[in-house]
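When a residue number appears, it is its place in the shown sequence, counting from 1. Since this is a predicted model, take the numbers as computed values, not measurements.
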Amino acid sequence: MAAVIRPSDTLTLVWDVTNSTAAERSVFFHINAARGFIRAMDSSATLADLDKQMAGIVNINSECNANWNGKTVNFFRESDKCGNTAEIADVVHHEYGHAINEFLYKKLSGARMRNGALSEATADILTNMLRDEPHIGIGFHKNAGDGTIRNADNTLKYPQNLVDEIHLDGQILTGAVWDMRKRIGLDASRRLTHFVKYGTPDGATAGAAFADYLLELLV
């Protein structure tokens with residue numbers, strides 16, 4: 001039955017185990033948390049695409065991954081090796097971070113971010129800053145400590161720690177940014193790591209992209 005809800009009305013929606021899965025509730029909550037975090041800092045029309053409805057697809061019949069495909073954020077079911085990626089907050093934030101990158105870069109430059117290591121690093125940095133926590137993917141891997149995928153609290157350096165894998169190479173940048181966070185504080189780091197993207201840093205190689213990010217951060 002349709003109803004009219006006025007601005008002064010209160011509408012309570014019951015969304016629990018009787019009508020939804022934990023994966024659905026988690027993705028809904030954490031995408032909205034990430035959107036609210038960014039829009040509180042940046043309410044400009046440049047990111048108006050974040051105010052549009054976005055589908056979160058959960059319990060996809062595969063394992064140990066999640067992705068943003070340009071239209072939807074997608075999360076894989078639980079398996080013997082990995083947790084349900086829809087139920088891991090930082091994984092949800094990370095994939096939404098790719099959406100933020102794409103919307104912002106396309107609006108400002110007409111093209112998406114091209115460097116894979118920079119793309120993965122900046123998606124990680126979103127959830128690092130949102131949660132004020134350096135670990136990514138806590139609970140992702142089963143039977144492997146806390147299951148963490150990546151850690152921004154590291155001592156990785158360019159170029160000696162490059163391994164030619166974009167998620168791992170991205171940790172060089174996330175490590176530098178986490179060092180910055182520890183030195184200048186959370187609020188300043190949050191603003192810097194968001195608004196640095198308005199300079200659309202990028203590069204054909206990880207080194208060029210990281211250097212461009214640093215220059216834009218200083219600007």
Side-chain angles (χ1 to χ4, degrees), residues 13-38 50 53-102 112-113 115-156 161-175 177-178 181 206:
L13 299 176
V14 178
W15 202 25
D16 57 21
V17 294
T18 66
N19 56 19
S20 61
T21 66
E24 289 171 328
R25 296 192 299 274
S26 175
V27 165
F28 177 84
F29 179 87
H30 290 295
I31 284 179
N32 277 285
R35 177 197 168 276
F37 171 70
I38 291 299
L50 295 184
Q53 189 176 56
M54 179 188 296
I57 312 300
V58 303
N59 295 321
I60 293 171
N61 192 28
S62 191
E63 62 177 356
C64 302
N65 210 343
N67 63 69
W68 158 254
N69 66 9
K71 294 182 179 180
T72 63
V73 277
N74 308 287
F75 303 93
F76 293 3
R77 60 169 173 77
E78 182 178 6
S79 71
D80 292 339
K81 294 187 292 184
C82 300
N84 188 318
T85 52
E87 297 178 35
I88 304 172
D90 42 67
V91 172
V92 179
H93 302 155
H94 172 96
E95 299 307 336
Y96 190 71
H98 285 304
I100 294 170
N101 286 347
E102 181 162 335
R112 66 177 62 186
M113 185 186 293
N115 187 271
L118 182 65
S119 178
E120 295 303 329
T122 50
D124 277 358
I125 289 166
L126 169 69
T127 187
N128 291 153
M129 293 296 115
L130 193 164
R131 297 176 300 117
D132 195 22
E133 160 63 53
H135 298 88
I136 299 291
I138 300 169
F140 182 92
H141 294 297
K142 291 185 174 180
N143 306 313
D146 65 0
T148 296
I149 306 172
R150 295 181 292 280
N151 185 3
D153 194 4
N154 65 61
T155 57
L156 299 175
N161 294 120
L162 284 174
V163 295
D164 198 29
E165 198 287 320
I166 57 176
H167 299 83
L168 299 179
D169 289 347
Q171 289 184 112
I172 297 171
L173 180 59
T174 63
V177 168
W178 192 254
R181 180 264 170 271

**OP:** For the pair I100 and L126, evaluate side chain to side chain contact (heavy atoms under 4.5 Å, CB included) and give the outcome as yes or no after the intermediate values.
**Re:** CA-CA 9 Å; I100 294 170; L126 169 69; 3.9 Å; yes

Separation between [atom1] of [X] and [atom2] of [Y], rounded to the nearest 0.5 Å:
X    : Y    : atom1 : atom2 : answer
E95  : N69  : CD    : CG    : 10.0 Å
I125 : H93  : CD1   : NE2   : 15.5 Å
I136 : T127 : CD1   : OG1   : 5.0 Å
N154 : W178 : CG    : CH2   : 11.5 Å
E63  : D80  : CD    : CG    : 8.0 Å
L173 : L156 : CG    : CG    : 11.0 Å

**OP:** Please test S26 against F75 for side chain to side chain contact (heavy atoms under 4.5 Å, CB included), starting from the C-alpha separation and ending with a verdict.
**Re:** CA-CA 11 Å; S26 175; F75 303 93; over 6 Å; no

Subject >> With D124 via side chain to side chain donor-acceptor pair (under 3.5 Å) - residues at least two apart >> reply: H94, R150

Hey, is the main chain of [Y] close enough, under 3.5 Å, to the side chain of [X] for a donor-acceptor pair?
X    : Y    : result
T122 : L118 : yes
S20  : D16  : yes
N32  : F29  : no
T72  : N74  : no
D169 : V163 : yes
E24  : T21  : yes
T85  : F76  : yes
T174 : Q171 : yes
N84  : R77  : no

Original post:
Under 6.0 Å from the CG atom of D146, do we count more than 12 heavy atoms belonging to anything else shown?
Top reply: yes

Original post:
Has D164 got more than 12 heavy atoms of other residues, nucleotides or ligands less than 6.0 Å from its CG?
Top reply: no

Which atom pair, heavy atoms only, marks the closest approach of [X] to [Y]?
X    : Y    : answer
P134 : N128 : O-ND2, 3.4 Å
N115 : A206 : ND2-N, 3.5 Å
V27  : A86  : CG2-CB, 3.5 Å
G170 : A121 : O-CB, 3.4 Å
V91  : A66  : CG1-CB, 3.9 Å
C82  : H141 : SG-ND1, 4.4 Å

Subject >> Stepwise side chain to side chain contact (heavy atoms under 4.5 Å, CB included) check, Y96 with H30 >> reply: CA-CA 9 Å; Y96 190 71; H30 290 295; over 6 Å; no

Subject >> Check ion pair R181-D132 (N to O, under 4.0 angstrom) >> reply: yes

Original post:
Should the pair K142-E78 be classified as a salt bridge under the 4.0 Å nitrogen-to-oxygen rule?
Top reply: yes

Could you check whether any side-chain heavy atom of [X] comes within less than 4.5 Å of a side-chain heavy atom of [Y], counting everything from C-beta outward?
X   : Y   : result
M54 : R35 : no
V92 : D90 : no
I31 : V73 : yes

**OP:** Taking ring pair (Phe, Tyr, Trp, His ring centres under 6.0 Å) as the test, write out the residues that go with H135, two or more places apart.
**Re:** none

**OP:** Indicate whether the side chain of N101 and that of R112 have a donor and an acceptor atom separated by less than 3.5 Å.
**Re:** no

Original post:
Please walk me through it: do E87 and R25 pass side chain to side chain contact (heavy atoms under 4.5 Å, CB included)?
Top reply: CA-CA 9 Å; E87 297 178 35; R25 296 192 299 274; over 6 Å; no

